[in-house]
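Protein chains get the first letters and strands the later ones, always in sequence-line order, with residue 1 at the start of each.
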Protein chains: 2
Amino acid sequence: MKMDGALSALNALSHETRLAAYRRLVKAGPDGMSVGELREELDVPPATLTAHLNVLRVADLVQDQREGRVIRVTANFDQMNALLAYLTENCCADARQCEPAPVCVPHTRRGTR
Amino acid sequence: MKMDGALSALNALSHETRLAAYRRLVKAGPDGMSVGELREELDVPPATLTAHLNVLRVADLVQDQREGRVIRVTANFDQMNALLAYLTENCCADARQCEPAPVCVPHTRRGTR
DNA sequence: TCCGTAATTCTGGAATAGTAGAAACATGAA
DNA sequence: TTCATGTTTCTACTATTCCAGAATTACGGA
């Protein structure tokens with residue numbers, strides 16, 4: 001990950017509604033959930049949620065897929081992990097060693113792939 | 001970590017200068033570096049750097065300590081790890097299991113403790 | 001005590017981000 | 001077609017953040 005990617009991911013997550021949305025999607029796992037379900041849980045107006053989702057989309061933290069009338073949104077775990085790695089990169093490089101990065105790896109993406 | 005803490009940490013990191021500063025401090029390890037050294041590497045006006053450092057301070061991502069005329073700033077690794085854990089918390093809870101959190105643990109804090 | 005350096009606070013103008021109503025678009029069903 | 005539902009785009013208003021010059025405080029040395 002480059003700095004720009006990290007910045008846009010961090011920026012996307014640094015807002016109450018977006019962080020809540022993202023964490024909800026992380027909890028939901030690889031199946032994700034529909035925009036409507038999300039909207040209901042977060043209790044924000046549709047236009048507001050869309051604006052926030054767009055920020056998360058541009059940051060590549062979530063992806064979505066139309067299923068008929070519904071749009072299903074899922075967290076992009078790879079991007080999250082890349083961000084975590086970026087943040088801990090070079091940890092203590094000037095001094096001593098210390099353990100490297102994290103990981104959250106969902107085991108399958110039900111249905112697809 | 002509570003949501004407020006995560007938000008303020010994420011917000012603090014979601015700015016080019018602050019992210020660069022923070023990463024530089026992570027690289028510096030437990031010894032940190034002086035505000036002046038940091039200022040020179042980042043090449044920003046003093047007032048601007050102070051403003052950014054204050055954001056990182058409030059977020060508890062860095063801590064500092066006066067040493068005579070110089071102020072030595074260090075990354076707060078515990079806070080970083082808490083943030084990483086927060087972000088991956090409940091990963092896939094609705095679906096299947098997946099590995100938990102990360103860590104960056106500097107082995108000693110030279111001099112102090 | 002006076003000076004120089006390190007860093008901070010104060011300040012206000014410029015730029016950016018958040019909010020949500022209303023209108024529009026997309027899809028599936030009748 | 002026409003209709004209802006899900007979601008997005010458009011838009012304008014408001015609030016917040018960014019920036020950096022100038023003034024100020026903190027400290028150590030002569």
Side-chain angles (χ1 to χ4, degrees), chain A residues 3-25 28 31-76, chain B residues 3-25 28 31-76:
Chain A
M3 177 172 247
D4 278 2
L7 276 175
S8 91
L10 288 164
N11 173 66
L13 294 174
S14 69
H15 182 283
E16 180 164 6
T17 302
R18 289 193 297 262
L19 181 56
Y22 180 75
R23 300 222 321 148
R24 186 60 191 84
L25 291 173
D31 293 342
M33 52 201 293
S34 73
V35 173
E37 287 172 317
L38 200 49
R39 199 198 69 67
E40 199 164 331
E41 292 208 14
L42 299 177
D43 194 32
V44 292
T48 301
L49 179 56
T50 294
H52 288 310
L53 282 178
N54 282 337
V55 176
L56 290 168
R57 283 164 180 147
V58 167
D60 203 23
L61 282 169
V62 307
Q63 33 204 195
D64 42 25
Q65 183 181 357
R66 190 175 268 279
E67 282 178 8
R69 215 159 10 195
V70 167
I71 291 178
R72 175 163 296 272
V73 190
T74 56
N76 179 351
Chain B
M3 176 172 248
D4 278 2
L7 277 176
S8 91
L10 289 165
N11 173 65
L13 294 173
S14 69
H15 182 283
E16 180 165 7
T17 302
R18 290 194 295 262
L19 181 56
Y22 180 75
R23 299 222 321 149
R24 185 62 191 82
L25 291 172
D31 293 342
M33 53 200 295
S34 74
V35 172
E37 288 172 319
L38 200 50
R39 200 199 67 68
E40 199 164 331
E41 292 208 14
L42 299 176
D43 193 32
V44 291
T48 302
L49 179 55
T50 294
H52 288 311
L53 282 178
N54 282 338
V55 176
L56 291 167
R57 283 163 179 148
V58 167
D60 204 22
L61 282 169
V62 306
Q63 30 205 193
D64 43 23
Q65 182 180 359
R66 190 173 268 279
E67 283 178 8
R69 216 161 9 200
V70 167
I71 291 177
R72 175 162 296 273
V73 191
T74 55
N76 180 351

Roughly how far, to the nearest 0.5 Å, is the CZ atom of A/R23 from the CG atom of A/L25?
-> 11.5 Å
Which of these nucleotides, [options], is closest to any side-chain atom of [X]?
X	options	answer
B/R69	D/dT8, D/dA26, C/dT27	D/dA26
B/A47	C/dA7, D/dC19, D/dA20	D/dA20
A/A51	C/dA6, D/dT8, C/dT19	C/dT19
B/R18	D/dC18, C/dT8, D/dT7	D/dC18
A/S34	D/dT8, C/dG21, D/dT7	D/dT7
B/R66	D/dC18, D/dT8, D/dC27	D/dC27

Nearest-angstrom distance from the residue atom [atom1] of [X] to [atom2] of [N]:
X	N	atom1	atom2	value
A/D64	C/dA26	CG	P	15 Å
B/E16	D/dC18	CD	P	13 Å
A/H15	D/dT16	NE2	P	11 Å
A/L38	D/dG6	CG	C1'	14 Å
B/Q65	C/dA7	CD	P	14 Å

Check whether any side-chain nitrogen or oxygen of [X] sits under 4.0 Å from OP1 or OP2 of [N], and answer yes or no.
X	N	value
B/T48	D/dA20	yes
B/N54	C/dA7	no
A/R72	D/dG6	no
B/H52	D/dT17	no

Of A/N76, A/V73, A/V62, A/L53, the residue whose pairing with A/Y22 passes side chain to side chain contact (heavy atoms under 4.5 Å, CB included) = A/V62
With sugar-phosphate meaning primed atoms plus P, OP1 and OP2, does A/R39 contact a base, only sugar-phosphate, or nothing at under 4.0 Å between heavy atoms?
-> nothing
Looking across every strand, which nucleic acid part, if any, lies under 4.0 Å from B/P45 by heavy atom: base, sugar-phosphate, or nothing?
-> sugar-phosphate
A/T17 and A/T48, any side-chain heavy atoms less than 4.5 Å apart = no
